[in-house]
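Encoded as structure tokens, the structure appears first; notes follow it.
Remember, it's a predicted structure, so these values are computed and weren't measured experimentally. All values below were derived from every heavy atom in this structure, side-chain atoms included, with hydrogens, water molecules and symmetry-related copies excluded.
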Amino acid sequence: MKKFRAMTLVLMLVLLATSAGAFAQDNKVTFMSTQWNTVEETDKVRTFLSAFEGGTVEFVPSEEGPLLDLIRAEAEAGEGTVDVIGALHGTYPTLAGEDLLFDLTDLLAGIEEQYDVNDAFVQLGKMGTEDVQYYIPFMQATFIMAATQESLQYLPEGADINNLTWDQFAAWAKAIYDATGEAKVGLPVAGLFHRFLQGYMFPSFTGGMVTGFKTPEAVAMFEYLNNLWPYIHPQSITYEFMQEPLLSGEVWVAFDHVARLKNAFDQQPDNFVAFPAPSGPAGRGFMSVVAGLAIPYTSPNPDGAEEFIKYMLSPETQATILSETGFYPVIGDVDMTSLPAGVSAMLGAVQAYGTVETDVPALLPVGLGDRGGEINEIFRNAFQRIVIDGEDIQTVLDEEGASLQTLLDETGAACWAPDPVSEGPCQLK
């Protein structure tokens with residue numbers, strides 16, 4: 001993996017360096033982003049970025065590790081090729097901690113004179129400081145549930161689809177199975193399933209993501225998943241995006257990222273119902289996926305970078321991002337009247353989160369730097385060993401919990417929401 005990342009870094013440096021001079025000359029802005037990495041998303045993004053009137057945008061999709069490596073290498077060289085970074089909140093503690101980013105406080109102040117930027121997301125961009133704005137939020141997303149109209153007849157009596165409990169969800173899955181003889185609930189186990197565990201199941205059952213990893217409440221959660229699993233479509237272990245099995249009718253009820261459900265709602269908006277994830281004993285866990293824009297110190301075109309960030313925060317661009325990619329605005333006053341039917345259908349489910357006192361908002365893992373993938377594997381390993389392989393729950397949680405604690409200790413990552421923020425490395429109970 002290290003050798004692969006090194007080769008990726010070299011290729012990026014060569015490709016970007018060959019055109020760096022031309023970028024500066026023609027007021028081009030190089031935008032490197034860990035988001036919109038699929039071919040379909042990249043094509044759409046390049047199309048709407050071409051509307052930027054402040055110059056030409058070179059969009060460079062990247063994974064988190066290579067992006068971090070490149071920004072560090074350019075900082076060490078004292079010369080850069082990347083003007084704007086687009087990344088999730090969890091990427092920025094590393095960049096801020098290594099002092100690689102401009103302070104965008106003045107830029108944000110100018111933007112806020114025109115638009116109402118979500119204050120909670122603005123505060124996240126300060127990375128715990130009072131006077132430094134390391135990134136400016138530019139889009140948000142979350143995960144929701146989707147169901148076919150046909151499935152609704154099997155909801156438990158008296159259940160409100162917009163306020164389900166996980167027990168009601170399991171009863172619904174069983175009722176569909178009993179009526180049809182098929183497991184028609186799908187989960188993206190080959191996709192972003194770690195977010196299902198980190199942001200929805202653990203917070204709903206334990207009230208946190210990390211600290212309660214091996215607690216009795218976590219054991220109860222996995223007992224629930226063991227009981228639910230017979231009613232989950234067996235092909236779930238191969239599903240990456242849930243929109244395809246929903247459209248084919250293979251699955252009637254599914255959980256996934258809004259951007260990975262978008263095509264189903266766009267193509268058959270009248271056939272699908274969007275609703276928030278259910279709640280558990282500790283409340284309704286949900287994950288806020290916040291992405292921000294930052295300018296590295298080595299940006300060859302910082303003035304163009306600032307104009308580009310203003311463009312990305314404009315109501316018109318925010319509406320385009322929503323309609324084209326399924327990521328939601330971070331500013332007010334965005335025209336929602338001409339959205340695609342599918343996006344409109346999902347909007348209510350997205351807006352439902354955070355409206356109930358017992359909701360448990362969770363952030364993506366923070367402070368792990370280029371080892372962020374390791375925490376995802378720990379959560380996935382626990383699920384694989386317990387639910388798929390049938391190993392003892394407490395034994396697995398103790399063993400995987402030890403790996404999780406080692407990761408937290410070695411990176412020094414403090415606890416993040418929904419766990420109480422800690423001074424030093426986060427500690428499991």
Check: Step by step, would you call Trp229 with Phe383 a ring pair (Phe, Tyr, Trp, His ring centres under 6.0 Å)?
Finding: CA-CA 11 Å; Trp229 193 249; Phe383 174 82; 5.4 Å; yes
Next item on the list: Evaluate the criterion ring pair (Phe, Tyr, Trp, His ring centres under 6.0 Å) for residue pair Phe138 and Phe327; output intermediate values, then yes/no.
Entry: CA-CA 10 Å; Phe138 79 107; Phe327 285 82; 8.3 Å; no
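Counting only heavy atoms from C-beta outward, the side chains of Thr142 and Ser288 never approach each other to under 4.5 Å.
For Tyr134 and Tyr92, the ring centers sit 6.0 Å or farther from each other. Annotation: Trp166 is not in aromatic contact with Tyr200 [ring centroid separation under 6.0 Å not met]. His257 has its ring centre no less than 6.0 Å from the ring centre of Phe196.
Not a single donor-acceptor pair under 3.5 Å links the side chain of Glu63 to the backbone N or O of Gly65. Checked by atom type and distance alone, the side chain of Ser299 never pairs as donor or acceptor with a backbone atom of Ile295 at under 3.5 Å. A distance-only check finds a donor-acceptor pair linking the side chain of Gln140 to the backbone of Pro329 [under 3.5 Å]. Without hydrogens or angle criteria, Asp83 side chain to Thr30 main chain gives a donor-acceptor distance under 3.5 Å. With Asn271 contributing its side chain and Thr148 its backbone, the two residues share no donor-acceptor pair below 3.5 Å. A donor-acceptor pair is defined here as one N or O able to donate and one able to accept, closer than 3.5 Å; such a pair exists between the side chain of Gln427 and the backbone of Pro425.
Ion pairing between Asp103 and Lys126 fails under the 4.0 Å rule for side-chain N and carboxylate O. With respect to the salt-bridge test (charged N to carboxylate O, under 4.0 angstrom), the residues Lys262 and Asp266 qualify. Ion pairing of Glu374 with Arg371 is present here, as a side-chain N (NZ or NE/NH1/NH2) and a carboxylate O approach within less than 4.0 Å. Here Arg385 pairs with Glu400 in a salt bridge; the nearest charged N to carboxylate O distance falls below 4.0 Å.
Taking the ring centre of Phe59 as origin, the terminal cationic atom of Arg46 falls outside the region bounded by 6.0 Å and 45° from the ring axis.
When each of Trp172, Phe255, Tyr353 is tested with Phe275 by the rule ring pair (Phe, Tyr, Trp, His ring centres under 6.0 Å), just one qualifies, namely Trp172.
Here the OG1 atom belonging to Thr211 is positioned 10.5 Å from the CZ atom belonging to Phe202, to the nearest 0.5 angstrom.
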